[in-house]
Amino acid sequence: MGCGECGGRVRKAETEAVCEDCGLVLSEDAIERGPEWRSLDEDADRRRTGAPLTASRHDRGLSTEIGFGTGSEVSGKRQRQLVRMRRQHNRARLESKAERNKLYAHTEIRRLVSVMSLPTSVRDQSCSLFSSAQSEDLLCGRSLEGFAAAAVYATCRTQSIARTMDEVVDVARASKEELKTAYDALNRDLGLPVGPISPTEYLPRYASDLGVAAEVESRAREYAVVLVESGRVAGKNPSGVAAACLYKAADEAGVPIKQRDAADLAAVSRMTVSSTVRDIETVE
DNA sequence: ACGATTATTGCGTTCTT
DNA sequence: AAGAAAACAATAATCGT
């Protein structure tokens with residue numbers, strides 16, 4: 001696939017293939033095969049047919065409308081009938097809209113809770129949280145998927161079940177931005193009872209993933225408490241702090257563990273663990 | 001009152017020992 | 001493999017319109 005003229009690399013643009021070295025246009029394709037519109041959703045498979053899909057609208061923008069233009073004159077009686085039909089059609093649609101939204105969101109919440117192996121109490125609370133958001137009109141202009149994910153994340157926060165936002169995003173059908181805006185709205189307008197996350201909340205799960213002894217975990221817990229009370233971890237990622245405490249505790253217990261392993265577990269960099277470990281040492 | 005811009009600080013990268 | 005430092009990005013605060 002080199003250039004026939006100079007043998008250089010060939011770069012394929014939308015409609016033509018060009019040699020990067022000599023600029024020779026190797027082939028032209030008059031048909032632009034890309035999507036008609038800019039894709040706002042990276043993994044959407046948008047083709048050139050059909051109406052644009054809108055995730056933020058409950059029906060993805062595909063609902064039926066009874067139009068006004070008739071094409072021909074209609075009698076006054078028929079006009080009044082059409083007005084009535086439009087009104088009733090819209091009313092019926094509005095109610096089914098909320099119902100369908102709720103059904104869709106609940107299905108999504110069930111899926112999330114299931115793949116994340118969370119208890120059913122989380123599922124139920126997430127669903128009712130979503131319903132609250134819905135009745136407070138928080139959904140308009142925001143994505144349903146984002147709210148479903150945010151409801152699950154928020155429930156974990158209120159129940160002190162240690163899950164990071166990233167962990168939810170990984171399995172959610174929403175981007176991190178969507179989850180964030182939805183969660184912010186939830187937090188602001190519903191006043192969630194969430195405090196700052198303590199690093200200790202992550203310890204049990206990380207300890208078992210790391211396969212360290214219970215004594216190591218409890219030692220790590222002491223480190224975490226000391227660190228929190230010294231105010232040294234204010235604003236720091238609690239997940240990373242938990243990983244650092246575990247590393248320090250395991251290291252002192254003579255468990256051959258690498259900073260890298262602890263860091264990967266908490267989805268932070270090796271340096272974050274390293275610097276927090278140093279914080280533990282200075283606090284003592 | 002809102003929006004933009006700046007400043008602070010944690011975080012990840014790269015280089016070094 | 002662990003530590004050090006310059007560069008980065010996100011968030012919070014301040015200023016200007």
Checklist entry - Does R111(A) CZ have over 12 foreign heavy atoms under 6.0 Å away? => result yes
Checklist entry - Counting any heavy atom closer than 4.0 Å, what does R270(A) reach on the DNA or RNA strands: base, sugar-phosphate only, or nothing? => result base
Item to check | Phosphate OP1/OP2 of dT13(B): any S269(A) side-chain N/O under 4.0 Å | outcome: no
Checklist entry - Within this structure, what is the CG-to-P distance between D166(A) and dC11(B), rounded to whole angstrom? => result 13 Å
Checklist entry - With pairs taken as Watson-Crick or G-U wobble and both distances under 3.5 angstrom, which stems of at least three consecutive pairs involve DNA chain C? => result B:1-10 with C:8-17, B:13-17 with C:1-5
Checklist outcome for this item: To the nearest angstrom, the CZ-P distance between R232(A) and dT9(B) comes to 14 Å
Item to check | Pair S126(A), T155(A): side-chain N/O donor-acceptor within cut-off below 3.5 Å | outcome: yes
Next on the checklist: Could you tell me how far apart K236(A) (NZ) and dT9(B) (P) are, to the nearest whole angstrom?
Outcome noted: 12 Å
Next on the checklist: It should be established whether S274(A) places a side-chain nitrogen or oxygen under 4.0 Å from OP1 or OP2 of nucleotide dG3(C).
Outcome noted: yes
Checklist entry - From the list dA2(C), dC11(B), dT13(B), which nucleotide is the closest neighbour of the side chain of M271(A)? => result dT13(B)
Which pairs of donor and acceptor atoms, one on a side chain in residues 179-191 of chain A, lie under 3.5 Å apart (sequence neighbours left out)?
unit_1, atom_1, unit_2, atom_2, d
T181(A), OG1, E177(A), O, 3.1
T181(A), OG1, E178(A), O, 3.0

Item to check | Separation of atom CG in D184(A) from atom P in dA10(C), rounded to whole Å | outcome: 15 Å
Next on the checklist: Let me confirm one number: the CZ-SG distance from R163(A) to C156(A), rounded to the nearest 0.5 Å.
Outcome noted: 6.5 Å
Checklist entry - How long is the line joining CD1 of I257(A) and P of dA1(C), in whole Å? => result 13 Å
Item to check | Residue pair Y153(A) / R157(A), side-chain donor-acceptor N/O under 3.5 Å | outcome: yes
Next on the checklist: Taking 4.0 Å as the cut-off, does a side-chain nitrogen or oxygen of K180(A) come that near to OP1 or OP2 on dT11(C)?
Outcome noted: yes
Checklist entry - What is the distance, rounded to the nearest whole Å, between atom CD of Q259(A) and atom P of dT13(B)? => result 15 Å
Item to check | Heavy-atom pair with the smallest gap, counting every atom of A149(A) and V168(A) | outcome: O-CG1, 3.8 Å
Checklist entry - Rounded to whole angstrom units, what separation is found between the CG atom of N237(A) and the P atom of dC11(B)? => result 6 Å
Item to check | Option passing side-chain contact (heavy atoms from CB on, under 4.5 Å) with P199(A) (candidates V228(A), L246(A), V225(A)) | outcome: V228(A)
